[in-house]
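Scope of the values below: all heavy atoms of this structure, side chains included, with no hydrogens, waters or symmetry mates. Protein chains get the first letters and strands the later ones, always in sequence-line order, with residue 1 at the start of each.
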Amino acid sequence: MSRYNFKLTEDKWQKFWEENKSFKSEINRDKKKYYCLEMFPYPSGKIHMGHVRNYTIGDVLSRYKKLKGFNVLHPMGWDAFGMPAENAARDNKLNPEDWTKSNIDTMKKQLKKLGLSIDWDREISTCSEDYYKHQQMFFLELLEKKLVYRKENYVNWDPVDETVLANEQVIDGKGWRSGATVERKKLSQWFFNISKFSQDLLDGLEKLKTWPNKVKTMQKNWIGKSFGCEIEFKLEGDLPVDKVKCFTTRPDTLFGFSFLALSADHEISNYYKDNKDFIKFKEECSKTGTTEEAIAVGEKIGFKTNLKAINPLKPDEKVPVFFANFVLMDYGFGAVFGCPGHDQRDFDFAKKYNLDIKTVVRPADKSDNFKVEREAYSGSGILINSEFLNGLNAPDKSVIETIKILEKKKLGKKQINYRLKDWGVSRQRYWGCPIPIIYDENGDHQAVPKSMLPVKLPKQINLDVKGNPLDSKDDWKEVTIDGKKYTRETDTLDTFVCSSWYYLRFCSPTENNYGFNKDEIDYWMPVDQYIGGVEHAILHLLYSRFFMRAIDYENSNFNITEPFESLFTQGMVCHETYKDINNNWLSPDEVEKKGDRYFNKSNGEEIKVGPSESMSKSKKNVIDPEFIINNYGADSVRLFILSDSPPEKDVQWSEQGMISSYKFIQKLWTLHNEIKLKINDEKKEIFDEELQEFTNLTIAKITNNLEKFNYNVIIANMYETYNFFVNYLKKNNHLKNLEENYIKILTCFSPIIPHFSSECLEDLNYNDNLSWPKYNNALLDKEKINVVIQINGRKRSLININRGISEKDLLKLVKEDKNCEKYLSKKEIKKIVYVENRLMNILINE
RNA sequence: GGGCGAAUGGCGGAACUGGUAGACGCGUUGGACUCAAAAUCCAAUAGUAGCAAUACUGUGAGAGUUCGAUUCUCUCUUUGCCCACCA
């Protein structure tokens with residue numbers, strides 16, 4: 001017998017699958033479809049371990065479903081637009097397209113080495129004209145449906161690079177590249193009206209039974225529905241404004257009203273734009289750190305106006321009006337009614353500016369003399385000091401009652417508010433999908449005629465300019481249509497737009513007239529299982545859910561509204577981090593372990609070992625998958641990446657673990673050859689029940705664990721199976737039923753280690769067309785079973801009996817049992833709990 | 001500040017619907033093979049006591065429900081993740 005040569009075997013099968021188009025998927029209405037999708041990768045250069053984990057999980061599922069008889073769609077593509085390409089191209093004097101395409105080539109080869117069951121004929125890339133053409137059409141469609149609009153909005157502006165920065169590019173308030181202090185700047189940008197679907201997106205979550213609750217909760221919070229009331233406050237003062245609207249969830253505390261706070265961007269601020277103190281105040285506001293935490297914890301500051309606001313329920317009561325840094329312009333109406341007694345933030349503000357703190361809610365167990373002192377009381381209770389509202393239960397009853405009263409008096413009305421904001425999709429970047437809009441000489445926008453789509457990105461581009469490179473590309477920017485001159489929109493679309501509909505494109509990747517073909521969509525959609533990182537729990541998934549609704553809005557193309565039927569979020573791949581004495585990060589292959597200590601390979605210095613963290617280039621704690629695949633083989637890598645932790649949790653990369661997976665494949669090969677010998681044995685006469693039972697149980701376990709994503713347990717089942725066979729074959733020969741059972745076992749292993757299984761099956765003259773073995777439920781219950789005997793709840797013995805023995809007969813055996821005898825003799829039995837075939841608990845007097 | 005999880009040997013983790021806690025792997029220890037090492041194979045491995053049979057303790061802490069709790073309920077501790085001045 002020769003050693004298992006993973007290189008030859010894996011190459012052979014990968015070639016076989018490719019040449020035979022083993023994973024090609026076509027509509028077949030006689031079969032049930034299964035659409036398995038993993039989040040497509042960004043072509044950053046090389047695949048990383050996170051990809052290996054993600055795509056292995058998806059591949060196991062796809063292969064399993066295929067064996068189960070489903071018509072499986074398992075595609076792969078590239079999320080190919082984005083900033084890294086632009087940066088890398090500028091740094092290396094390349095073209096973003098060339099950089100991206102070469103990365104795709106590399107990564108595609110690497111992914112193929114994993115032996116994934118992917119239909120590569122459906123490969124798509126979002127940076128191809130063929131893809132973004134349809135995206136531009138969608139954009140124009142949404143524009144027609146008024147789901148796209150243009151408005152002014154604040155952006156992070158880098159004054160040195162003259163460019164817009166994404167939030168993650170702002171580090172400590174400074175631009176990541178230039179180091180210049182980032183400014184807020186108003187720019188006119190394109191928006192998708194996602195907030196129109198707030199309620200619908202919220203309701204849709206209810207239908208997603210197999211999404212992790214964690215993700216659903218995050219989306220729910222992100223949408224942020226709150227029930228309350230809009231109230232109009234009359235203003236008095238020396239300005240030509242006489243009223244302002246506020247949104248509140250607690251109108252019932254209106255008698256605790258002691259100030260009104262406006263956002264510094266509120267329209268009333270226009271009257272103060274030349275006021276020196278106000279300008280100073282605004283500057284002060286922008287100083288408090290930029291991190292969200294700093295803003296949340298930061299000091300509350302205000303600017304007092306000469307205005308007075310009138311309490312609508314108590315017209316003789318007038319309170320001061322402030323501008324305050326904690327009031328957000330884009331939530332509610334950019335104005336808050338302050339009730340310091342029952343809101344901590346208002347309380348802090350009132351303390352600082354010496355405003356009244358009125359108590360209008362008391363806890364149920366306190367008297368009406370209760371007074372808010374050290375901190376606001378925001379719990380439930382009873383309304384007090386509130387005239388006609390006194391005695392109401394707060395907040396449940398009192399809020400509804402108050403709204404009724406306000407509505408009757410025409411002072412306000414019930415309102416539901418959402419935190420979800422419209423999606424700004426403009427990016428001042430070159431490497432993205434061009435927005436198909438042109439501006440005429442008056443600056444008015446209009447759609448690029450559909451016949452002129454796609455608006456192609458210019459191939460030649462100078463990236464060494466300030467701001468958006470497209471802005472400087474005059475020969476591209478200026479167009480003449482029917483003799484009229486226009487200027488193109490130079491903003492490109494957020495890459496999240498590309499990934500919001502790619503799952504539709506996979507269904508009909510070559511459809512030329514439209515983004516998808518309805519027949520194909522009807523057959524393949526929705527995605528039955530979507531798999532990816534939890535970092536996309538909010539934006540990507542919400543945008544995709546929005547996009548399905550938006551495309552369907554007023555069209556009704558689809559029978560479905562939710563794109564992803566099930567969602568699985570896998571954990572990250574982690575590794576220890578290493579630092580030398582100068583606090584420089586070191587990569588694992590620069591480090592050598594001797595005993596419990598670690599040393600730098602090149603100079604022998606001792607290394608500090610840090611905590612295990614998600615693999616990242618910046619911390620250098622990365623393991624290159626290609627290197628590992630070349631060394632140990634794809635099956636070993638697949639085995640290891642699944643073995644150590646449940647797929648939804650983080651997994652710790654371990655060289656030891658990797659080696660042991662490699663060895664396991666070798667051991668399986670040795671076992672295979674032993675089994676083959678015994679299968680070819682001439683004298684096959686014994687039909688063994690134990691083997692039959694074991695195989696049946698194993699199939700049951702693996703099947704159930706596959707269904708529940710307990711992939712780590714499947715690896716344990718595989719080891720168990722190996723151990724069983726090794727011991728079993730030592731004792732048993734001339735087996736008639738060995739071949740049949742072994743083939744079933746190999747089939748069960750094949751989703752995890754497909755190359756190895758295919759090789760073994762072929763070695764025994766079985767072809768690839770096997771189906772998933774069924775297990776027999778009846779056979780799961782063995783004749784002879786162990787029953788636990790407890791005495792007063794403590795395990796005292798284990799008795800091997802025939803299934804279904806009566807309580808009486810078992811008790812007899814128990815009394816004879818030497819372990820139980822000493823506890824039971826001369827003791828009175830008070831009670832017996834008998835769970836058939838499982839356990840007997842005998843209660844006695846001690 | 002708000003929300004959602006998690007806590008089991010030296011480590012990663014198993015445990016169906018409340019019914020034998022610690023499957024499987026790593027590590028460690030001992031042994032076989034070898035001139036030796038690697039590889040491989042065999043055995044042991046929660047803790048305490050014991051030669052052993054066995055007994056007691058044990059799933060973050062404390063209570064509760066139950067014949068019986070890793071699993072259900074309550075309180076607390078620690079920890080992770082997400083969101084964050086959302087009116």
What is the base-pairing partner of [N], counting Watson-Crick and G-U wobble geometry with both distances under 3.5 Å?
N: U34(B); answer: none
N: G10(B); answer: C26(B)
N: C16(B); answer: none
N: A39(B); answer: none
N: U73(B); answer: A63(B)
N: U79(B); answer: G5(B)
N: U48(B); answer: A55(B)
N: C85(B); answer: none

Spacing of the [atom1] atoms in [M] and [N] (rounded, Å):
N: C11(B); M: U65(B); atom1: C1'; result: 35 Å
N: G1(B); M: C76(B); atom1: P; result: 15 Å
N: U28(B); M: A6(B); atom1: P; result: 33 Å
N: A43(B); M: C56(B); atom1: P; result: 29 Å
N: U75(B); M: G2(B); atom1: P; result: 15 Å
N: A14(B); M: C67(B); atom1: C1'; result: 27 Å

Write down the distance between [atom1] ([X]) and [atom2] ([N]), rounded to a whole number of angstrom.
X: Glu836(A); N: C67(B); atom1: CD; atom2: P; answer: 21 Å
X: Arg250(A); N: C86(B); atom1: CZ; atom2: C1'; answer: 15 Å
X: Lys216(A); N: C4(B); atom1: NZ; atom2: C1'; answer: 13 Å
X: Glu284(A); N: C85(B); atom1: CD; atom2: P; answer: 19 Å
X: Asn213(A); N: G5(B); atom1: CG; atom2: C1'; answer: 11 Å

Any donor-acceptor pair under 3.5 Å linking the side-chain atoms of Asp422(A) with those of Ser195(A)? yes

May I ask you to check whether [Y] and [X] place their ring centres under 6.0 Å from each other?
X: Phe322(A); Y: Phe349(A); value: yes
X: Phe233(A); Y: Phe257(A); value: yes
X: Phe664(A); Y: Tyr719(A); value: yes

Member of Thr56(A), Ile752(A), Ile641(A), Leu706(A) meeting the side-chain contact (heavy atoms from CB on, under 4.5 Å) criterion with Tyr711(A):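 Going through the options one by one, the only one that passes is Leu706(A).
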
With Ile714(A), which of Thr703(A), Leu639(A), Ile702(A), Val60(A) fulfils side-chain contact (heavy atoms from CB on, under 4.5 Å)?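 Running side-chain contact (heavy atoms from CB on, under 4.5 Å) over Thr703(A), Leu639(A), Ile702(A), Val60(A) with Ile714(A) returns exactly one hit, Ile702(A).
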
Determine: side-chain N/O of [X] to OP1/OP2 of [N], distance under 4.0 Å, yes or no.
X: Arg419(A); N: A87(B); value: no
X: Lys220(A); N: G3(B); value: no
X: Arg345(A); N: C86(B); value: yes

Go through C56(B), A14(B), C83(B) for me and flag the one nearest to the Ile538(A) side chain.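 Looking only at side-chain atoms, Ile538(A) lies closest to C83(B).
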
So, for Leu810(A) and Tyr834(A), which heavy atoms are closest and what is the spacing to 0.1 Å? CD2-CE1, 3.4 Å

So, the side chain of Asp644(A) versus the backbone of Phe640(A): is there a donor-acceptor pair under 3.5 Å, distance only? no

State whether the side chain of His342(A) and the backbone N or O of Ser378(A) hold a donor-acceptor pair below 3.5 Å, judged by distance alone.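 Not at all, since once roles are kept as given, no pair shorter than 3.5 Å links the two residues.
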
Mind checking if [X] touches a base, just sugar-phosphate, or nothing, with heavy atoms under 4.0 Å?
X: Val327(A); answer: base
X: Lys663(A); answer: sugar-phosphate
X: Leu843(A); answer: sugar-phosphate

Which letters describe nucleotides 16-27 of chain B, given B = protein heavy atom under 4.0 Å from base, S = only from sugar-phosphate, - = neither? B--BB--BSSSS

Hey, which of these two, Asn710(A) or Arg796(A), hits RNA chain B nearer its 5' end, going by closest nucleotide?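 With Asn710(A) and Arg796(A) compared, the 5'-side residue is Asn710(A).
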
Syn or anti for G64(B) (syn when the glycosidic angle lies within 90° of 0): anti

